[in-house]
Each structure stands twice: as structure tokens, then as C-alpha cells.
2 protein chains.
Amino acid sequence: MKESALLSQTTEYALRAMSCLAYMPDELVSTAQLAEVTHVPMNYLAKVLQLLAKSELITGRRGVGGGYRLNRSASEISLMDVINAIDPIDRIKSCPLKLENHSGKLCPLHARLDAAAKALIDTFDGISLADMFAEDPSIRPLCSAEMTTKVNLTFGQSD
Amino acid sequence: MKESALLSQTTEYALRAMSCLAYMPDELVSTAQLAEVTHVPMNYLAKVLQLLAKSELITGRRGVGGGYRLNRSASEISLMDVINAIDPIDRIKSCPLKLENHSGKLCPLHARLDAAAKALIDTFDGISLADMFAEDPSIRPLCSAEMTTKVNLTFGQSD
DNA sequence: ATGAATCAAGATATCTGTGTCTGATGATTA
DNA sequence: TAATCATCAGACACAGATATCTTGATTCAT
């Protein structure tokens, strides 16, 4: 079959947009700008941003000069927060076969699958948007130069 | 949006079927029997088994008394082998935005997503089908009693 | 106030994963 | 050989994720 990504395409888009917003806190960034930098189809990104806004991770402001901005600081938003806003990773709470006769316990197979899901969730819980700026400063989230130059051009910020 | 499982439905089905086959090596188990025990729609399971057969994890035998059996011993088949036969977990090899200007390196975001994918793969690589029988013997893969009794009834094996 | 910019919301289109069905091929039994 | 069982192979149907488009509502600048 086809390769399957760990996260859905929509979630990937959301993470890109959030990374971008984290890069310039307190600035209002329009959907069009985000779409260009993140290379996401604009009309679709608009939908994704609406979801993020509904989850109260970001706030949208209409009108001229409008756009989106983070609701909390980048260090207080984990990757898992973003993932949860779009496609939560589901834990296996009860036997998927709907068999009753093992009191609450998962079978070895599903116990291990659930453990893997938990590990993933814990990993993403432990990474904040801010963490992604804390390394080699020559490489920015969403691929350094592209983003850095585009953004600087657009907003006239000096580095 | 909707909850999204770590593995696709099809992969889940494949893991169930493989667990079942691992439980009775050297027996030929028909699609109908597997479907009943694993609670998977029979016609669809038939497709999944064909995929597993094409990947040479199992071999099908036609005709009266036919069915499927493992090609290797359960201890030599990892969960990842099964997953790879259906929907491989894809690593992020290059920038999904298709930006060229960072020589081979992933940006912090995708580097972390890829690390998570690698960790998952390593986890599933380290678990064999046989491992799932090595614990509390009262709980079998695919939910103990159900499978145990059904199987014993069907094949008349004593415990 | 008027017009332009921008988000909000809903309808619609497309593609892929999931699931069903039918006929063909091969194996067993009698 | 004939009949039956079960996999094999392909076509078809459906639903949900992805993507597009249109219209309305809000904000800003003039």
C-alpha cells in the first residue's frame, strides 16, 4: 500500500503554521502570508487555522492588517497541544474486538500498541514550539533561509 | 476532527491475523476462521491476507483444508515486519516543503517528527509475534478466552 | 460613510482507505 | 472426472480526509 505518515497532512500543516506564528509572537500574520511561507494551499490552511482558533491556541483578527497570533507564549504550547487540536492520537482504552471477558486488561498486542501511543504522546507533550528555536540558529523551523528571508522581507524585521 | 489511530485499520487487522496465526504455527487457518476470531470483515481480511502473502510473511494454500500459515517462526517476525507489509511508517528523509537551501539537514520541527517516527519503528522492530505469548498465560493475544476457546473448539487442541 | 482587506462559515469537489462482491484458479475428496 | 472448498485477482461501492470556492461579517483607512 501507500506510505503512511505518523501525523495526518492536516496536522502537519497545523504544526507548520504554529511554528511560523511562534517565530513572530505579537505580530498578526495573515493566512496568505502563512500559506506562502509554509507552502500549504491557502484555502485549506484557512480551514486549519479556524480549527486552531476554535481550540483557542490562536486568535484571529479580521479586517485590514488582520491575521492570526498565538494565544499563549511559544514555550507554553506543546506539539501535542497542536496535534490535539486537529487529530488527537488515540489511546487504546478497551479491547478493539469488544470482547468482555478479560477484566479491563488489554491483550498483549493492544497493550503494546497502546504503550507505543502513550510514548508518542509523551514525546510530543515534552516538546514546545519554543524548543524548536533553541538549537543551531542557522536552521530555523520550517527550513531556515526561506522562512527567515521571506519573513524579514515581508515585515522588515532585522535579525 | 476525528481521533486518528497510530496505525491504519488495515494494519490493525493484519496484526490481529498474524497474532492468530502465530498462536498455531504449522496449522492451516482459513480466512473464514481468522475472520471470526479476529472480528474482521471476512472479505476485507481476505485482501489483507493477500498483501501479507505477497510480502512473504505467510503462505496461502488453496483447496479443501486450505488456509494460511506463517512462513517464518513467530519469534522471527516483528510487529514492524507486519506493519511494513501494509503501511510502512515513513521516515522524513528530506524537507517536506521541498526547500533546497539547508544542505541535507531537516529543520527542527521535522527533525523531531522524524525522530519520533524512528523511535516508533525501533519499538515495533523490537517486538516479535512470539513476545506476545511470553507473559501472563491467562491473557492471550487477541483477548484470551475468546480466542483460546474458539480455537480449541475448532481444532480440538487440548491446552 | 465608503471601500478594501481579512477572517468566518458553509457548500461543493476530489482522492484515498475501507469494505463488498464476483468470477477464476488451484487443491482435495470421492 | 466431477464436485467442493478455499485462495487469488480484479471490479465496484462507500465514507472520510483533503482541497476548493463562494458568500457573509468584521476591521481599518480614507
Side-chain angles (χ1 to χ4, degrees), chain A residues 1-17 21 27-36 38-69 71 83 85-88 90 96 154, chain B residues 1-17 21 27-36 38-71 83 85-90 96 154:
Chain A
M1 283 201 169
K2 197 91 188 79
E3 295 257 308
S4 83
L6 199 52
L7 304 172
S8 73
Q9 189 70 29
T10 308
T11 304
E12 157 82 21
Y13 292 165
L15 288 170
R16 288 188 205 172
L21 290 172
E27 293 284 338
L28 282 172
V29 188
S30 73
T31 302
Q33 291 169 326
L34 285 171
E36 187 178 4
T38 60
H39 288 67
V40 174
M42 183 174 93
N43 289 319
Y44 193 60
L45 183 58
K47 288 308 198 185
V48 177
L49 291 169
Q50 283 183 35
L51 287 175
L52 292 171
K54 267 189 186 155
S55 305
E56 306 194 325
L57 289 176
I58 63 179
T59 303
R61 185 177 177 81
R62 303 201 239 201
V64 178
Y68 289 95
R69 100 177 71 196
N71 264 352
I83 294 169
I86 310 292
D87 287 311
D90 66 343
T154 310
Chain B
M1 283 198 168
K2 196 89 188 81
E3 297 255 308
S4 83
L6 197 52
L7 304 171
S8 72
Q9 190 68 26
T10 309
T11 303
E12 156 83 21
Y13 291 166
L15 287 169
R16 286 189 206 171
L21 289 172
E27 293 285 336
L28 283 172
V29 188
S30 73
T31 302
Q33 291 169 325
L34 285 170
E36 188 178 3
T38 60
H39 288 66
V40 174
M42 184 173 90
N43 289 320
Y44 193 59
L45 183 58
K47 290 307 201 186
V48 178
L49 292 168
Q50 283 181 36
L51 286 175
L52 293 171
K54 267 189 186 155
S55 306
E56 306 194 325
L57 289 176
I58 62 179
T59 303
R61 185 177 178 80
R62 302 201 240 200
V64 178
Y68 289 94
R69 100 178 73 195
L70 296 188
N71 263 352
I83 294 168
I86 310 293
D87 288 312
I89 298 172
D90 66 342
T154 311

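Quick note on labels: first sequence line is chain A, next is B, and so on, each numbered from 1. Nothing here was measured: the structure is a model prediction, and the numbers come from that model.
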Legend entry - OP1 or OP2 of C:dC7 under 4.0 Å from side-chain N/O of A:Thr31: yes
Legend entry - Out of C:dT18, D:dC8, D:dT20, whichever nucleotide has its closest atom nearest the side chain of B:Gln50: D:dC8
Inset, instruction - Evaluate the side-chain proximity of B:Tyr13 to B:Thr38: yes if any heavy-atom separation is below 4.5 Å, no if none is. - result: no
Legend entry - For atom NE2 of B:His39 and atom C1' of C:dG19, their distance in whole Å: 18 Å
Inset, instruction - Could you tell me the separation between the CG atom of A:Leu28 and the OH atom of A:Tyr68, rounded to the nearest 0.5 Å? - result: 11.0 Å
Inset, instruction - Would you tell me if any nitrogen or oxygen in the side chain of B:Tyr13 comes within less than 4.0 Å of OP1 or OP2 on C:dT18? - result: no
Legend entry - Note, A:Ile86 side chain near A:Leu52 side chain (heavy atom, < 4.5 Å): yes
Legend entry - Value in whole Å for how far the P atom of C:dT18 lies from CG of B:Leu45: 14 Å
Inset, instruction - Report yes if the side chains of B:Leu6 and A:Asp90 come closer than 4.5 Å at any heavy-atom pair, otherwise no. - result: no
Would you tabulate the side-chain donor-acceptor contacts of residues 40-47 of chain B under 3.5 Å, counting partners in other chains and residues two or more places apart, or write 'none'?
{"unit_1": "B:Tyr44", "atom_1": "OH", "unit_2": "B:Thr10", "atom_2": "OG1", "d": "2.7"}

Legend entry - Nucleotide nearest B:Lys47 (side chain, heavy atoms from C-beta), chosen from C:dA9, D:dG10, C:dC7: D:dG10
Inset, instruction - Round to the nearest Å and state the distance from B:Asp87 atom CG to D:dA17 atom C1'. - result: 15 Å
Inset, instruction - Send over the distance from B:Glu12 CD to C:dG17 P, rounded to a whole Å. - result: 18 Å
Legend entry - Spacing between A:Lys54 atom NZ and C:dA8 atom C1', to the nearest angstrom: 9 Å
Inset, instruction - For A:Tyr44 and C:dT12, give me the distance from atom OH to atom P, rounded to whole Å. - result: 19 Å
Atom pairs under 3.5 Å, N or O on each side, protein against nucleotides 28-30 of chain D: can you list them with distances?
{"unit_1": "D:dC28", "atom_1": "OP1", "unit_2": "A:Arg61", "atom_2": "NH2", "d": "2.6"}

Legend entry - Rounded interatomic separation in angstrom, taking CG from B:Asn43 and P from D:dC14: 15 Å
Legend entry - Closest listed nucleotide, where the reference is the side chain of A:Tyr68 and the choices are D:dT7, C:dC7, D:dA9: C:dC7
Inset, instruction - Go through C:dC7, C:dA9, D:dA19 for me and flag the one nearest to the A:Ser30 side chain. - result: C:dC7
Legend entry - Separation between NE2 of B:His39 and CZ of B:Arg16, rounded to the nearest 0.5 Å: 8.5 Å
Legend entry - Atom-pair distance (CG on B:Leu49; C1' on C:dT18), nearest Å: 15 Å
Legend entry - Min side-chain heavy-atom separation B:Leu70-B:Ile58 under 4.5 Å: yes
Legend entry - No-H, no-angle donor-acceptor pair, A:Gln9 side chain to D:dA17 base, under 3.5 Å: no
